[in-house]
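For reference, the structure discussed in these notes is given below.
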Amino acid sequence: MTQADFIRWRQAVVPTATCHIWTGAVGSNGYGTLRLGDRVVRAHQIAARLRFGPVPLGATLMHDCEVRLCCSGEPGHVRIASQGENVRQAVARGRSAGPRPGLVDLRGARGASVAVRDAILAGVASGMDRAALAVVLAETVAAGDPHGGGAALFDRPQRTAPSGWAEVDDSPVDLLDPRAVAPVRSGPVESMPLF
């Protein structure tokens, strides 16, 4: 990364009272992107490199603040973690994709980030200070809430351990974990017709 690249990156980051928001290009996954020569990198990767130094091989970056365009290395924002921790956090916060998508933004990852970027740029153009920009950020993020601030129609189901299991682990299944294998049962197995 050259000094000119750093200046381009820094000019596209707008600090609010909460997050530091990337206002440049947004990829299809909703993360900010910056071209460095013939390579495209994520904006928050540059922030992490500047804050923490080299990211260890096999590590990933997490957004504890849940804002994909955030480039703040302060606690509660971007940090280094394992992919397993990232997935467990996504499941625990209800933002994982899959059979029960939970709180995934209605606009999609890119749509949500573009809405945040555009709202912050509009706020900067109108002369808002950092506190007002943080309010704009919170309102823009809330606009994609699938529950829209309303009450859920049904309570979340109670998690109970199936017979023979010691505990229920709400995190994704790790196939190398012996707890992921169902206990062996003896005796006849009930079956049901396929059609």
Side-chain angles (χ1 to χ4, degrees), residues 1-91 93 95-98 101 103-141 143-144 172 174:
M1 186 169 165
T2 66
Q3 182 69 19
D5 292 331
F6 172 76
I7 291 170
R8 277 189 312 124
W9 174 81
R10 186 64 196 104
Q11 288 174 338
V13 175
V14 173
T16 73
T18 54
C19 296
H20 295 178
I21 302 299
W22 172 256
T23 60
V26 176
S28 61
N29 56 10
Y31 291 103
T33 61
L34 178 68
R35 180 170 293 281
L36 299 178
D38 60 348
R39 185 173 172 204
V40 175
V41 298
R42 292 180 180 168
H44 69 280
Q45 290 173 322
I46 295 171
R49 175 69 169 92
L50 293 171
R51 174 79 166 129
F52 305 112
V55 176
L57 188 62
T60 191
L61 298 175
M62 286 179 52
H63 280 95
D64 286 335
C65 60
E66 299 289 328
V67 179
R68 289 175 184 245
L69 294 182
C70 182
C71 290
S72 174
E74 296 301 314
H77 297 277
V78 177
R79 68 180 170 96
I80 297 172
S82 69
Q83 183 59 24
E85 186 179 0
N86 196 21
V87 170
R88 283 189 294 279
Q89 183 188 75
V91 170
R93 292 183 176 182
R95 64 172 166 74
S96 64
L103 297 174
V104 175
D105 195 295
L106 293 172
R107 300 166 288 196
R110 185 174 194 289
S113 291
V114 167
V116 165
R117 179 196 64 195
D118 293 350
I120 293 298
L121 286 173
V124 168
S126 68
M128 290 183 176
D129 64 7
R130 292 173 71 150
L133 289 172
V135 171
V136 166
L137 173 61
E139 290 172 349
T140 306
V141 168
D174 179 354

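The structure displayed is predicted, hence computed values, not measured ones. Residues: numbered from 1 along the sequence shown.
Partners of Ala119 under the side-chain contact (heavy atoms from CB on, under 4.5 Å) rule, at least two apart in sequence or in another chain, are Val136, Thr140. In this view, Ala122 satisfies the side-chain contact (heavy atoms from CB on, under 4.5 Å) rule with no residue, not counting sequence neighbours. Partners of Asp118 under the salt bridge (Lys or Arg N to Asp or Glu O under 4.0 Å) rule, at least two apart in sequence or in another chain, do not exist in this structure. Residues satisfying the side-chain contact (heavy atoms from CB on, under 4.5 Å) test with Pro56, not counting sequence neighbours, are Ala59, Ile80. Applying the salt bridge (Lys or Arg N to Asp or Glu O under 4.0 Å) rule to Arg107 yields the partners Asp105; only residues at least two apart in sequence or on another chain are considered. For the salt bridge (Lys or Arg N to Asp or Glu O under 4.0 Å) test, residues two or more places apart in sequence or in another chain that qualify with Glu85 are Arg79. Every residue two or more places apart in sequence or in another chain was checked for a side-chain contact (heavy atoms from CB on, under 4.5 Å) with Asp38, and none qualifies. Contacts of Gln89 classified as side-chain hydrogen bond (donor to acceptor under 3.5 Å, both in side chains), with partners at least two apart in sequence or in another chain: Asp64, Arg95.
Screening residues 111-141 for ring pair (Phe, Tyr, Trp, His ring centres under 6.0 Å), with sequence neighbours left out, gives no hits. Within the structure, ring pair (Phe, Tyr, Trp, His ring centres under 6.0 Å) pairs that include any residue of residues 113-132 do not occur (at least two apart or interchain). Pairs passing the ring pair (Phe, Tyr, Trp, His ring centres under 6.0 Å) check and including a residue from residues 104-128, sequence neighbours excluded, do not occur.
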Working for side chain to side chain contact (heavy atoms under 4.5 Å, CB included), residues Val41 and Thr33: CA-CA 6 Å; Val41 298; Thr33 61; over 6 Å; no
Chi angles and distances behind the side chain to side chain contact (heavy atoms under 4.5 Å, CB included) call for Leu137, Val67: CA-CA 9 Å; Leu137 173 61; Val67 179; 4.3 Å; yes
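Listed for the Ser126 side chain is a donor-acceptor partner under 3.5 Å among the backbone atoms of Gly123.
The CZ atom of Arg42 sits 8.5 Å away from the CZ atom of Arg68 when rounded to the nearest 0.5 Å. Atom SG in Cys71 sits 8.0 Å away from atom NE2 in His44 (nearest 0.5 Å).
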Cut-off 3.5 Å, no hydrogens considered: what does the side-chain donor-acceptor table look like for residues 3-32, sequence neighbours left out?
residue	atom	partner	partner atom	Å
Asp5	OD1	Arg8	NH2	3.1
Asp5	OD2	Thr2	N	3.1
Asp5	OD2	Thr2	OG1	3.1
Arg8	NH2	Arg35	O	2.6
Trp9	NE1	Ala43	O	3.2
Arg10	NH1	Val13	O	3.2
Thr16	OG1	Thr18	N	3.1
Thr16	OG1	Thr18	OG1	3.2
Thr16	OG1	Cys19	N	3.1
Thr16	OG1	Cys19	O	2.7
Trp22	NE1	Ala25	O	2.9
Thr23	OG1	Ala12	O	2.7
Asn29	OD1	Tyr31	N	3.1

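For His77 and His63, the ring centers are positioned 6.0 Å apart or more.
Side-chain atoms of Arg117 and Leu69, non-hydrogen and from C-beta on, do get closer than 4.5 Å to each other. Two residues are said to be in side-chain contact when any heavy atoms from C-beta on lie closer than 4.5 Å; Glu74 and Arg51 meet this criterion.
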